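Just so we're clear, the structure is a prediction, and the values are computed from it rather than from any experiment. For ligands, and for the atoms within them, numbers begin at 1 and follow the listed sequence.
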Amino acid sequence: MEKVNLKSLYLEEIEAFLKELGEPKFRGKQIFDWLHAKQVSSFSDMTNLSKSLREKLEETATLEPVTIVKCLISKEDGTRKYLFGLENGSIIESVLMKYEHGNTVCISTQVGCRMGCTFCASTIDGVERSLSAGEMLSQIYEIQKDSGERVHGVVLMGSGEPLDNYDSVMKFLRLVNHPLGQNMGQRHITLSTCGLIPKINQLAEEGLQITLAVSLHAPNDEVRRKTMPVANANPMKELLMACEQYIAKTNRRITFEYALIQGVNDSEAYARELAGKLKHMLCHVNLIPVNDVKERNYVKSSNENVKKFAAILQKNGVETTVRRKLGSDIDAACGQLRRSHMQK
Ligand code: SAH
């Protein structure tokens with residue numbers, strides 16, 4: 001019999017599972033507390049449960065642990081990059097970033113990715129599988145334990161396309177926000193998507209207060225299709241319409257991500273074209289000088305071009321920031337640490 005992924009269950013689901021085991025309902029809250037508030041990584045740590053229940057759980061359930069394979073700590077800013085091993089031996093990457101306003105963790109939602117963006121290291125070997133809600137939570141819990149730091153926010157910007165793993169990601173969002181668990185404020189959660197229109201529409205109906213980030217990386221379909229295969233089935237006009245509707249439904253400002261690649265998408269004309277499309281929207285553009293990916297021939301835009309691009313957007317009324325780079329001394333942004341590890 002396949003084991004139950006206990007960390008991926010809502011409280012009510014744990015209670016139903018316990019009922020099947022012939023256990024009283026109140027044990028559900030105790031277990032939920034061990035998993036999501038105390039965040040223990042073994043059943044034997046759950047000391048207020050009877051020994052026989054702990055043994056029963058051992059036989060029928062799993063805690064979907066992630067174990068640290070490697071951790072690099074930046075001397076410059078304290079950023080920590082983690083490689084985690086999953087139960088089946090797969091490797092994923094997560095990052096702890098320290099900001100003045102609190103600690104944020106970047107987590108993976110899939111092992112690899114199948115979206116095929118040409119500038120992204122996570123997609124080179126395709127997707128191996130999607131992560132469960134529990135495996136997403138475990139990345140945060142394990143980082144908290146290892147670093148001794150409380151995590152205040154999370155960005156779903158590690159490997160994987162969150163909206164390609166929709167149900168588990170929704171479950172993760174609700175569990176990480178649960179008042180009896182990590183209790184992370186929804187406003188401290190950012191979900192980043194390459195722009196799957198039907199899923200954005202679905203997300204708008206969930207009644208969540210998270211921040212949606214959309215990876216645009218181009219001012220029009222022609223340029224976008226060069227680097228993002230997903231642009232073929234999700235044209236920009238409809239994508240921006242879905243974003244408008246998302247804003248109208250949720251009253252939340254959207255972030256558009258734009259990785260600047262020299263000679264590909266960083267001209268002044270493109271900046272003006274983009275501004276024209278975004279200026280009336282409740283949004284914010286985050287410019288990221290592209291991280292070099294060895295496997296591709298992309299070079300990041302010069303500082304001068306990044307500044308010019310930002311200035312044009314701002315002059316046209318589009319709020320714009322340039323992403324500050326953290327942990328540059330420990331290599332490996334966007335899935336590159338995992339890749340270099342796997343090639344050894
Ligand atoms: N699949 C989601 C989330 C994961 S990637 C998405 O596409 O949004 C998080 C962000 O990093 C995305 O905006 C992605 O386009 C960007 N990214 C990927 N590779 C990059 C690189 N080499 N340089 C800069 N940004 C990159």
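Residue nearest to atom 14 (C) of ligand 1, selected from Glu257, His217, Met157, Arg323: His217 (by heavy-atom distance).
Taking a 4.0 Å cut-off on heavy atoms, Gly160 registers as neighbouring ligand 1.
Residue-ligand proximity, Gly158 to ligand 1, at heavy-atom distances under 4.0 Å covers atoms 4 (C). Using a 4.0 Å cut-off to heavy atoms of Cys120, the atoms of ligand 1 that qualify are 18 (C), 19 (N). Close contacts of ligand 1 with Cys194, meaning ligand atoms under 4.0 Å from a residue heavy atom, involve 6 (C), 7 (O), 8 (O).
To the nearest 0.5 Å, atoms CG (Leu208) and CD (Gln186) are separated by 5.0 Å.
A distance below 6.0 Å separates the ring centres of His178 and Phe32. Taking the centre of each ring, Phe119 and His217 come in below the 6.0 Å mark.
Contact annotation for Asp292 and ligand 1: no heavy atom of the residue comes within less than 4.0 Å of the ligand.
The salt bridge (charged side-chain N to carboxylate O under 4.0 Å, His left out) contacts involving residues 239-257 comprise Glu205-Lys249, Arg253-Glu319, Glu257-Arg323, where partners must be two or more places apart or lie in separate chains.
At least one side-chain heavy atom of Leu156 sits less than 4.5 Å from a side-chain heavy atom of Ile107.
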Which donor-acceptor pairs under 3.5 Å do the side chains of residues 304-314 make with protein atoms, sequence neighbours left out?
{"unit_1": "Asn305", "atom_1": "ND2", "unit_2": "Asp266", "atom_2": "OD2", "d": "3.4"}
{"unit_1": "Gln314", "atom_1": "NE2", "unit_2": "Thr320", "atom_2": "O", "d": "3.0"}

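Between Cys113 and ligand 1, no N or O atom pair is found at a separation short of 3.5 Å.
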